[in-house]
Amino acid sequence: MENQETKGHLHPMTTAIREVSAIFSKMGYEMALGPELEEEFYNFDALNTPADHPSRDMQDTFWIKNNFPDHKKRLMRTQTSAMQIRYMQNHKPPFKIFVPGKVFRNEATDATHEAEFFQIEGLVVGKNISMADLKGSLEQFLKEYFGEDIKFRFRPSFFSFVEPGLEVDVWYRGKWMELLGAGLVHPNVFKSVGIDPTIWSGFAFGLGFDRFVMTKYGIDDIRHLYSGDLRFVNQF
C-alpha cells in the first residue's frame, strides 16, 4: 500500500477558534456572524461612542470612501462589538451569543499589534445580570482554554458601550499582557435597539484572539500568525 502524504494542515488560528467555539457552546452560547464591511451606526453610534471620540479618526479606522447609494458611512469594522447591535435588533432577550471574526485597525504593527486580527465578542442579556456573572463566566472560560494554572487579573477600565468596565490581563513571558475588555452593557446601548434597560441587563466582552493563541502556544510575535510561512504553521 502506497504511503499517503498529508494533504493539508490547519492554521493555529483555525484550531484555536474551533476549540473556543466548543467551549462557548458548552457554556450555553450560540454563534453569530456579521459583516466585515460595517456601517458607522453599528460600529460606533449605537455603541454609545461620542462623535468626537478618537477611535473614529483615520489614525484608528479604515473608512471606505465609496459613494454608497444610501449615503451611509462605512468602514472596515474595528470591533466585533458591532454584532451586539445587529443581533439585539432582531432577537428578543434572553440570549447568550459569541461572535468570532476579523477586525481592522489603522495602527502600527509590532510583536503584539497587527492592523488586522481576530476578535471574539460575547454578549449575554437577561434579568438581574451582574458583574459577578461576568467575572464568573470569564474565569470559567479562561481556565477551560488555558488550564487551571493560568495566572490572570481583573482591573478597572473604560469602554463607551459598557458601565462599569474592566480588562483582563494574563501573565505572559514575565509580564502582564492585556487580553480582553468587558463590562456590563451600557443602558444607552439597550435603548439604541429598543430594549428596556430597567427590565433587562447584560454583559459583553471582547477577546483579542490572536493574543490568546500567542499565550497558549508561546508565540513571541503576532506577525508570525499572518506571515504565510509554512514552516511556522506546520509546527502546530
Side-chain angles (χ1 to χ4, degrees), residues 11-13 15-17 19-21 23-24 27 29 47 49 53-55 59-61 77-81 84 98-124 129-186 203-227 232 235-236:
H11 193 280
M13 290 295 296
T15 300
I17 288 173
E19 291 175 351
V20 167
S21 297
I23 293 172
F24 279 125
M27 293 172 65
Y29 289 73
L47 289 171
T49 306
H53 195 278
S55 64
Q59 289 87 345
D60 293 308
T61 303
R77 66 180 179 189
T78 63
Q79 53 195 359
T80 47
S81 304
Q84 289 186 37
F98 71 99
V99 186
K102 189 174 285 187
V103 299
F104 306 84
R105 303 275 178 87
N106 190 5
E107 62 182 14
T109 63
D110 58 28
T112 57
H113 295 84
E114 256 291 3
E116 59 179 74
F117 54 96
F118 279 88
Q119 275 191 344
I120 293 184
E121 185 79 9
L123 174 67
V124 174
I129 301 293
S130 70
M131 186 63 80
D133 297 307
L134 168 59
K135 294 177 71 175
S137 296
L138 291 179
E139 182 172 355
Q140 179 182 351
F141 166 69
L142 290 170
K143 289 184 176 180
E144 285 268 0
Y145 185 67
F146 291 112
E148 290 290 331
D149 295 333
I150 181 67
K151 184 178 180 182
F152 64 92
R153 68 180 183 184
F154 297 102
R155 57 183 173 83
S157 190
F158 172 80
F159 304 97
S160 60
F161 39 89
V162 295
E163 179 59 39
L166 60 82
E167 286 184 283
V168 179
D169 303 325
V170 296
W171 189 251
Y172 173 72
R173 292 182 174 267
K175 61 181 180 180
W176 290 107
M177 181 173 70
E178 174 196 340
L179 209 60
L180 65 90
L184 299 185
V185 178
H186 197 291
F203 64 75
F205 54 86
L207 319 175
F209 198 60
D210 303 63
R211 294 184 179 183
F212 266 70
V213 175
M214 291 174 66
T215 302
K216 184 165 185 174
Y217 295 111
I219 299 170
D220 61 0
D221 194 316
I222 193 173
R223 291 167 290 194
H224 292 322
L225 295 170
Y226 301 99
S227 65
F232 171 77
Q235 296 179 57
F236 303 90

Measure across [X] and [Y] and return the closest heavy-atom pair with its distance rounded to 0.1 Å.
X	Y	value
Phe118	Tyr226	CD1-OH, 3.5 Å
Pro100	Phe98	CD-O, 3.8 Å
Ser160	His186	O-CD2, 3.8 Å
Met27	Ser137	CE-O, 3.6 Å
Gly218	Tyr172	C-OH, 4.5 Å
Ala182	Leu138	CB-CD1, 4.1 Å

Considering only heavy atoms from C-beta outward, does the side chain of [X] approach that of [Y] to under 4.5 Å?
X	Y	result
Ile17	Val20	no
Lys216	Glu19	yes
Phe152	Trp171	no

* To do: Apply ring-ring contact (aromatic ring centres under 6.0 Å, His included) to Phe203 and list each qualifying residue two or more places apart in sequence or on a separate chain.
  =>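 Residues passing ring-ring contact (aromatic ring centres under 6.0 Å, His included) with Phe203: none at all.
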
Q | Phe212 and Phe141 aromatic ring geometry - parallel, tilted or perpendicular at 30°/60° bounds | A |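 It falls in the tilted class, 30° to 60°.
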
| Is it true that a side-chain atom of Arg155 and a backbone atom of Asp169 form a donor plus acceptor pair closer than 3.5 Å? |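 No.
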
Check whether Arg105 reaches the backbone of Glu114 with its side chain - one donor and one acceptor, N or O, closer than 3.5 Å.
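No, because the side chain of Arg105 does not come within donor-acceptor range (under 3.5 Å) of the backbone of Glu114.
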
Who passes side-chain contact (heavy atoms from CB on, under 4.5 Å) against [X], sequence neighbours left out?
X	result
Ala16	Tyr145, Phe209, Val213
Asp149	none
Ser157	Phe159, Glu167
Arg173	Asp220

Could you walk me through whether Trp176 and Lys151 pass the side chain to side chain contact (heavy atoms under 4.5 Å, CB included) check? CA-CA 9 Å; Trp176 290 107; Lys151 184 178 180 182; 3.8 Å; yes

task: Kindly indicate, with the supporting measurements, whether the criterion side chain to side chain contact (heavy atoms under 4.5 Å, CB included) is fulfilled by Thr80 and Val103.
output: CA-CA 7 Å; Thr80 47; Val103 299; 3.8 Å; yes

State the [atom1]-[atom2] distance between [X] and [Y], to the nearest 0.5 angstrom.
X	Y	atom1	atom2	answer
Leu179	Ile150	CG	CD1	8.0 Å
Ile120	Ser21	CD1	OG	6.0 Å
Glu144	Ile23	CD	CD1	5.5 Å
Leu47	Thr78	CG	OG1	9.0 Å
Leu180	Leu166	CG	CG	7.5 Å
Leu225	Arg211	CG	CZ	12.0 Å

Item to complete: Report yes or no: do Gln79 and Gln119 form a side-chain donor-acceptor pair below 3.5 Å?
Response: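 No, because no side-chain N or O of Gln79 sits under 3.5 Å from a partner of the opposite role on Gln119.
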
* salt bridge (charged side-chain N to carboxylate O under 4.0 Å, His left out): pairs with one or both residues in residues 132-141, sequence neighbours excluded ->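 As it turns out, the salt bridge (charged side-chain N to carboxylate O under 4.0 Å, His left out) pairs with a partner in residues 132-141, which skip direct neighbours, are Glu139-Lys143.
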
*Could you please spell out the steps behind the side chain to side chain contact (heavy atoms under 4.5 Å, CB included) verdict for Ile129 and Val185?*
CA-CA 10 Å; Ile129 301 293; Val185 178; over 6 Å; no

